[in-house]
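Below is one structure, written out as structure tokens; the observations come after it.
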Amino acid sequence: MTSAELTTAPSALRIPGPATPYQGDIARYWDGEARPVNLRLGDIDGLYHHHYGIGEVDTAALGDPEDKDSEDKLIAELHRLESAQADVLLAHLGDIGRDDTLVDAGCGRGGSMVMAHQRFGCSVEGVTLSAKQADFANGRAAELGIDDHVRATVCNMLSTPFATGSAAASWNNESSMYVDLDDLFAEHSRVLRIGGRYVTITGCWNPRYGQPSKWVSQINAHFECNIHSRREYLRAMADHRLVPQAVIDLTPDTLPYWELRATSSLVTGIEDAFINSYRDGSFQYVLIAADRV
Ligand SMILES: C[S@@+](CC[C@H](N)C(=O)[O-])C[C@H]1O[C@@H](n2cnc3c(N)ncnc32)[C@H](O)[C@@H]1O
Ligand SMILES: CC(C)=CCC/C(C)=C/COP(=O)(O)OP(=O)(O)O
Ligand SMILES: [Mg+2]
């Protein structure tokens with residue numbers, strides 16, 4: 001299925017404004033976002049991510065901290081770890097063919113969409129609340145000559161124009177903390193074909209801790225988001241015909257990224273909240289892959 005077949009006149013169905021005042025806040029937040037920790041990393045190879053990294057730090061690639069170019073090397077290493085995160089998400093989408101269409105719910109500047117198309121040759125439809133992000137993602141797709149396969153639309157991920165059962169797979173990469181999970185999984189379940197795959201990488205609070213810790217509250221305030229618990233994810237998936245096929249705790253894999261980022265010139269002030277909450281067990285970085293049954 002091509003992009004054109006997947007959507008029915010997307011511009012006509014585009015939601016004219018945010019569905020709620022909160023969504024208006026989030027649209028404004030991402031319209032105004034231009035942090036060097038995201039743009040300088042994206043400038044390295046044109047893949048712009050708004051998610052975090054996983055994997056071991058390559059200390060050899062960092063070189064000598066006294067070298068003139070050591071900061072550039074550190075930034076390149078952070079970017080490599082963020083792209084590695086997207087690679088792991090895409091690897092869980094299953095067998096995707098060139099004729100398939102994927103849905104990226106909360107696509108940001110489109111880095112994961114480009115990687116998905118490059119990996120599978122398929123079409124990718126992304127939605128974001130931010131017109132600036134959608135324009136940026138579509139501009140990158142045009143520069144790469146893949147705008148016939150990769151498209152971002154300004155749209156609420158809880159109410160998309162995509163036809164029922166039309167997507168081979170869909171995902172949320174660090175974007176599910178902005179929405180109600182019942183509403184979110186109802187929409188993924190509708191858009192996915194039976195046997196299709198849903199994947200999320202997300203930060204969630206750990207029910208074993210009891211309640212969201214002060215660090216989790218700090219992260220919520222920093223990004224104006226509402227982090228859910230691991231239990232909420234599994235319960236809402238079960239209620240919407242999404243059956244977990246893999247639940248992977250990526251917390252040990254993301255800590256090296258944060259420890260490295262905390263030493264960089266691009267720190268934003270949120271690093272300690274992530275490091276402390278991952279270390280005290282109150283917060284977890286998880287991948288959940290689920291089958292639409
Ligand atoms: C942290 S960014 C993640 C971007 C992207 N997934 C990535 O990995 O680079 C969160 C994204 O979720 C989007 N978002 C939040 N709530 C949304 C909603 N209700 N509908 C569509 N997009 C939403 C934001 O516009 C933003 O693009
Ligand atoms: C895991 C959790 C809780 C994520 C919250 C969503 C979020 C803001 C992700 C990263 O975006 P970004 O790349 O724009 O953030 P930063 O500027 O900190 O790199
Ligand atoms: Mg970032």
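Remember, it's 1-based here, ligands and their atoms both numbered in the order they're listed.
In summary, the atoms of ligand 1 found under 4.0 Å from a heavy atom of Gln23, numbered by their order in the structure, are 19 (N).
Considering backbone and side-chain atoms together, His51 places an N or O closer than 3.5 Å to an N or O of ligand 1. Every N/O-N/O distance between Trp30 and ligand 1 stays at or above 3.5 Å. Residue-to-ligand polar distances place Tyr52 within reach of ligand 2: an N/O pair is separated by less than 3.5 Å. When only interatomic distances are considered, the shortest N/O to N/O separation between Glu174 and ligand 2 does not fall below 3.5 Å. Considering backbone and side-chain atoms together, Arg35 places an N or O closer than 3.5 Å to an N or O of ligand 2. When only interatomic distances are considered, the shortest N/O to N/O separation between Thr268 and ligand 2 does not fall below 3.5 Å. Between Asn38 and ligand 2, a contact under 3.5 Å exists for at least one N or O pair.
Atom 5 (C) of ligand 2 has its nearest heavy-atom neighbour, among Met177, Glu271, His51, Arg109, in Met177. Across Leu184, Leu129, Thr153, heavy-atom proximity to atom 22 (N) of ligand 1 is greatest for Leu129. With Arg261, His50, His49 as candidates, the residue nearest to atom 12 (P) of ligand 2 on a non-hydrogen basis is His50.
Between Gln211 and Val216, the closest side-chain pair of non-hydrogen atoms is not below 4.5 Å.
Of the protein's non-hydrogen atoms, the one nearest atom 8 (C) of ligand 2 is Phe223 CD2, 3.1 Å. Closest to atom 6 (N) of ligand 1 among all protein heavy atoms lies Gly106 O, 2.7 Å. For atom 25 (O) of ligand 1, the closest heavy atom belonging to the protein is Thr128 OG1, 2.8 Å.
Residue contacts with ligand 1 do not include Ala27, since none of its heavy atoms lies under 4.0 Å from the ligand. Heavy-atom separations between Trp205 and ligand 2 are all 4.0 Å or longer. Within the structure, the closest approach of Gln284 to ligand 2 does not fall below 4.0 Å when heavy atoms are considered.
Under 2.8 Å from the Mg ion (ligand 3) lies no N/O/S atom of Tyr52, from backbone or side chain alike.
When the options Tyr233, Trp171, Phe185 are evaluated for a ring pair (Phe, Tyr, Trp, His ring centres under 6.0 Å) with Tyr198, the one that passes is Phe185.
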